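Both backbone and side-chain heavy atoms feed into the values below; hydrogens, waters and symmetry mates do not. Residue numbers begin at 1 in each chain, while the letters A, B, ... track the order of the sequences. Quantities reported herein were computed from a predicted structural model and do not represent experimental measurements.
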Amino acid sequence: KQEVTQIPAALSVPEGENLVLNCSFTDSAIYNLQWFRQDPGKGLTSLLLIQSSQREQTSGRLNASLDKSSGRSTLYIAASQPGDSATYLCAVRPQSNTDKLIFGTGTRLQVFP
Amino acid sequence: ETGVTQSPTHLIKTRGQQVTLRCSSQSGHNTVSWYQQALGQGPQFIFQYYREEENGRGNFPPRFSGLQFPNYSSELNVNALELDDSALYLCASSRDSYYEQYFGPGTRLTVT
């Protein structure tokens, strides 16, 4: 059974810091992995999607890497800003059940001025 | 291009009642997936509808049911509501069953 874990559960940093959020998964047979952002009480905004054949994806100040064999992904946020404050969720799409996403419990990030 | 929309935004129901949540998929998308997100948790997959048929289901009891209409909008129905059904219900649409999913804003259900 695929399980997704995110560490740390919460993070509070001053503005300008570079951050690394971690995601690990127990079954390497994934179709893709996706990082989302969620503001309090809101829906999910997709940040980056990495196909199983890819090693990383970049969008602006965000970079996500994928090491399928070790069951790990990291989301790197450069030069953090207060507007980055949100919960970041990692989700994997299993190869055997491509209909669903399996989510971690998220990392709650606060960036203070 | 209109994104995924959900209605209502908030809902309060009493234990034992029934509820229907609605989702309009993004233009060009034929697949809708539903997720339940309890407070402080990640979303849990309920089921997926692809071209009006249920295409996959998570570990939810039969009192959670759904429909997809010819225009690919969808409903989630929950019967015999329990206190633990209180959650944010998220709908996501995609171009096909295994394509990237785009999420709506969610419906916050409170069961008292």
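When side chains are defined from C-beta on, B/Pro43 counts as touching A/Leu89, because their heavy atoms get closer than 4.5 Å.
For an aromatic pair to be called close, the ring centres must be under 6.0 Å apart, and B/Phe103 with A/Phe36 satisfies this.
Other residues, nucleotides and ligands contribute more than 12 heavy atoms inside 6.0 Å of the CG atom of B/Leu83.
Note: the hydrophobic cluster containing B/Leu88 also contains B/Phe45 (ILVMFWY, side chain heavy atoms under 4.5 Å, direct or indirect links). In terms of hydrophobic clustering, with Ile, Leu, Val, Met, Phe, Trp and Tyr side chains grouped at heavy-atom distances under 4.5 Å, A/Phe103 and A/Phe25 are assigned to different clusters. B/Phe64 and B/Val19 fall within a single hydrophobic cluster, where Ile, Leu, Val, Met, Phe, Trp and Tyr are joined by side-chain heavy atoms under 4.5 Å apart, directly or via other members. Linking Ile, Leu, Val, Met, Phe, Trp and Tyr residues whenever their side-chain heavy atoms come within less than 4.5 Å leaves A/Leu62 and A/Leu49 in two separate clusters.
Every side-chain contact (heavy atoms from CB on, under 4.5 Å) that A/Ser70 has, sequence neighbours left out, goes to A/Asp67, A/Arg72. In this structure B/Phe69 satisfies the ring pair (Phe, Tyr, Trp, His ring centres under 6.0 Å) test with no other residue, sequence neighbours excluded.
With a 4.5 angstrom heavy-atom cutoff, A/Leu44 touches chain B via backbone and side-chain atoms both.
Other members of a hydrophobic cluster containing B/Ile12 are absent, since no ILVMFWY side chain comes under 4.5 Å of it, directly or through relayed contacts.
Contacts with chain B were tallied for A/Cys90, A/Gly43, A/Gly106, A/Gly41; A/Gly43 has the most, counting heavy-atom pairs under 4.5 Å. Contact count against chain A (heavy-atom pairs under 4.5 Å) is highest for B/Pro105 among B/Gly106, B/Ala92, B/Pro105.
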Interface of chain A and chain B, donor-acceptor atom pairs under 3.5 Å:
from, atom 1, to, atom 2, distance (Å)
A/Gln34, NE2, B/Glu100, OE2, 3.2
A/Gln38, OE1, B/Gln37, NE2, 2.9
A/Gln38, NE2, B/Gln37, OE1, 2.8
A/Gly43, N, B/Pro105, O, 3.3
A/Ser46, OG, B/Glu100, OE2, 3.1
A/Arg93, NH1, B/Ser97, O, 3.4
A/Arg93, NH2, B/Tyr99, O, 2.8
A/Asp99, O, B/Gln48, NE2, 2.9
A/Asp99, O, B/Gln101, NE2, 3.3
A/Leu101, N, B/Tyr35, OH, 3.1

